[in-house]
Amino acid sequence: MDGERTMGGARGEERRLTCVLCPAGCDLMVTAPEVTGGRCPKGRDYALKELTAPTRTLTTTVRVEGAKPDRLPVRTLGEIPKEAVRRGVRALDAVVVVAPVRLGQVIVDDLLGFGVPVVATRDLPATRDLPATPGRIARDG
Amino acid sequence: MKTHERDLIVIGGGPAGLAAALAAREAGVPRVTVVERDHELGGILQQCIHDGFGNFLFRERLTGPEYAARFAGRIPEAGVETVLDAMALEVRPGPEHEVLVSGAESGLVTFRAPAVILAMGCRERTRAQLLIPGHRPAGVFTAGTVQRYVNIEGLRPGRRAVILGSGDIGLIMARRLTLEGVEVEGVYEIMPHPGGLTRNIVQCLDDYGIPLHLSTTITFIHGPKRVQGVTVARVDADRRPIPGTERHVDCDTVVISAGLIPENELSRGAGVALDPVTRGPVVDDRLETTVPGLFACGNVVHVHDLVDYVSMGGTIAGRGAAEYLAERAAGRTAAGGAGAAGEPVVAGEPGAVAEPGVVDAKREWCPVEPGENVAYVVPQRIDARRAAGRPQDRPVQFFLRVREPGRSADVTMTGRSPGGDVVLAHRRERAVRPPEMVAVKVRPDSLAPGVTAIRADVRAKGGDGDGR
C-alpha cells in the first residue's frame, strides 16, 4: 500500500459510490440506470442523483445579536447543489439575526435562489431572557 | 452542607443522561435529578452543528442541536429536575449513594439516592497522550476544541491546518474548517485504515478534495511560539516512522482527532470495576456496574460511533435503575438485604470490585466474552435468569467492536448451557470495520435454557472491509 488512499475507482461504465445518507455507508455499484449494493431503496436515488446532479444539506452558523455566545447554528431545509455549498456558507456570513430565536425559525427564505430556506437548528434565548437562577434545586418533599 | 434526598441521580445531561432520566421517569421513578456542568442540556451535541444524527431513532438526519432538543425538550414535562452549572465532584457508594455537587447557584451540596446513573461521556486524547515530539507552540488543538471555537464561539483557529488522526470529529472539522476559509492541507492517519465512518470520508474529505494519508503520522511539531509546520513520515506495520520518508508541511494549526477515552474519574472513585479494554465500567444487561445501584451508560461505558446507540443505552440504564429501585422496595436486591420500606440496604462493601462471572451476592453472573475477531463486547456480563424473564420486546442489547476489517461477516452470539451450545443471535454484516460498532440483540426467550456463558464471534469471508 502506498499510504495514499485510492479513490473508489471508476471502471468503464461502472462506478462505485459510498452512500452517505445514513451511517450504514453502503457500497453502491452503479451502471446507470442499474444500482446494486444498497441495503435500502434510497441508495438508488442517491447514486443516480450523485452522478448527475449531486446535492447536500448545508449546515453552518450565523451571527446573533443579543445572545451569548453569539453564533446560531442553521441548516438548509432540504438540499442545495453540492457545488453551491461553499457559496452558500459565504452568503450566510453576512446574515445577522436578533435573539431570541426559535428552533425551526426561518433565517433566510431562499438561499442563492435554489428555493431552499435556511432555518435555525436550536432555540437561542436573548441573554436578558435567561433565567436568573439556572438550576435552582427544588425543595425536598 | 445541605443534603437532598432523591430516588435517582443522573450525572451528565448529554444524550445518555437525558435518555436515562426520561426512561426512569416513564418507568415510574418519582424523583429524578440530572446534574449537568454546562449552562444547558444536550452535552457535546450542541457544538455538533452538522447533520446525520438520529437516523435509527427518528429516521431523520438531524443536526446535533436538533437531536438534543428532541430529548431536552421532553425533560420539563416529564418532571425531571435539572441542576445546571453544577459539577459532580464525587460519588460515594453506600446503602444510599451520595453525590457531592458543586453548583453555581447551590454551592456545595450532597444528593443522596439509592440509584445513580453515570453519564459523563468521554474526553479527547490530547497531544500529551500521543507523545508527539517537537516544540510546544500555540496552535495545537483537539478536534472538539476546534469545533467549539468555530461553531459556538465563532472563532477561526488558524489559516492552514493539518489534521492528525481520522476520527469522525476530525473529518467533520476538516470540512467545517474548509467551509470557514481555513485551508486543510491533509489528514494524517497512523493506521492503515481510516478511523471514522466511511460516509464521513466521502462527504467531508472527498467532497472537498482533502487528501487522507494512511499509515502516515506527524513526527515533529515545529514552533517555537506558534505552530510553523510539522514533519510527517510514513510508518511501518509496527507504526514506527520509516526513515527517509519524512516530509515538511507548512501549517499554523494542528488538529488532533486521535481517539476518545471514557471519562471515569467519578466511577473509579466510587470503586466501580473498569474493563481495561473499553476503559469503562464493567456493566450487565441493565447497565448496572459492579457496585449495586450504580449504573453507567453512553460513552462512559465505551465510545460509541452513533448517538442513536448512546440514547438507546440511556434508555436501558434508566429502565434498569427503575427495575433496581422496584426490587429494592420489594426487598429483593443484589445484596439480598432487607431493603423494605426505607430500611437501609447493605449494598455490599462500598467500593467492592467484582469480576465478571463471579457469584456476586446471590446473583449468578453469566460472563460475556469476546471470541474470534472481537476486541470487546458490552455488556461484559449478564444475569441470564433475570434477562430471560423480561418481555420479548426488551432484548439484551449487545455492542461489539471488531479487531480487523472484513467482508460478509457472520456475527454470532453463542451461549453455553447444560444441554450444549446454543446460538442466541446471528446476523450477517456485509462489512465490518473497527470504527463501526456492531449492535446485536438477544431475545429473552433464547436465554431460557439456562445459559451460563456467552461468546461473541465475527467470522468474515476475509478481505478488506474497507474497500469502499
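Note that this is a predicted model, so its numbers are computed, not measured.
For the options Thr57(A), Thr60(A), Val74(A), heavy-atom pairs under 4.5 Å to chain B are most numerous at Thr60(A). Chain A forms the most heavy-atom pairs under 4.5 Å with one residue out of Asp207(B), Leu306(B), Leu197(B), and that residue is Asp207(B). If you tally non-hydrogen atom pairs under 4.5 Å between each of Val35(B), Asn151(B), Leu62(B) and chain A, the highest count goes to Asn151(B). Heavy-atom pairs under 4.5 Å with chain A were tallied for Gln203(B), Arg430(B), Arg176(B); the largest tally goes to Arg430(B).
For Leu58(A), no part lies near chain B; criterion is any non-hydrogen pair under 4.5 Å. Only the side chain of Glu429(B) comes within contact range of chain A, judged by heavy atoms closer than 4.5 Å. Using a 4.5 Å cut-off between heavy atoms, Glu36(B) does not touch chain A at all. With a 4.5 angstrom heavy-atom cutoff, Arg56(A) touches chain B only via side-chain atoms. At a 4.5 Å heavy-atom cutoff, the contact between Arg75(A) and chain B is made by side-chain atoms alone. Contacts of Cys26(A) with chain B are absent, with no heavy-atom separation under 4.5 Å from either backbone or side chain. Contact of Glu180(B) with chain A is made through the side chain alone, with heavy-atom distances under 4.5 Å. Looking at Asp93(A), the atoms closer than 4.5 Å to chain B (heavy atoms on both sides) all sit in the side chain, from C-beta outward.
Side-chain contact between Thr121(A) and Thr59(A) is absent, with no heavy-atom pair separated by less than 4.5 Å. With a 4.5 Å cut-off on side-chain heavy atoms, Leu57(B) and Tyr67(B) count as touching.
In terms of the side-chain hydrogen bond (donor to acceptor under 3.5 Å, both in side chains) criterion, residue partners of Arg148(B) (sequence neighbours excluded) are, by chain and number, Glu153(B).
Side chains of Arg433(B) and Thr198(B): a donor on one and an acceptor on the other come within 3.5 Å. In this model, a donor atom of one side chain and an acceptor atom of the other lie less than 3.5 Å apart for Glu66(B) and Thr63(B). With hydrogens and angles left out, the side-chain atoms of Arg234(B) and Thr245(B) include no donor and acceptor closer than 3.5 Å.
Within a 6.0 Å radius of CD in Glu65(A), no more than 12 heavy atoms belonging to other residues, nucleotides or ligands are found.
Side chain of Asp308(B) to backbone of Phe56(B): a donor-acceptor contact under 3.5 angstrom is found.
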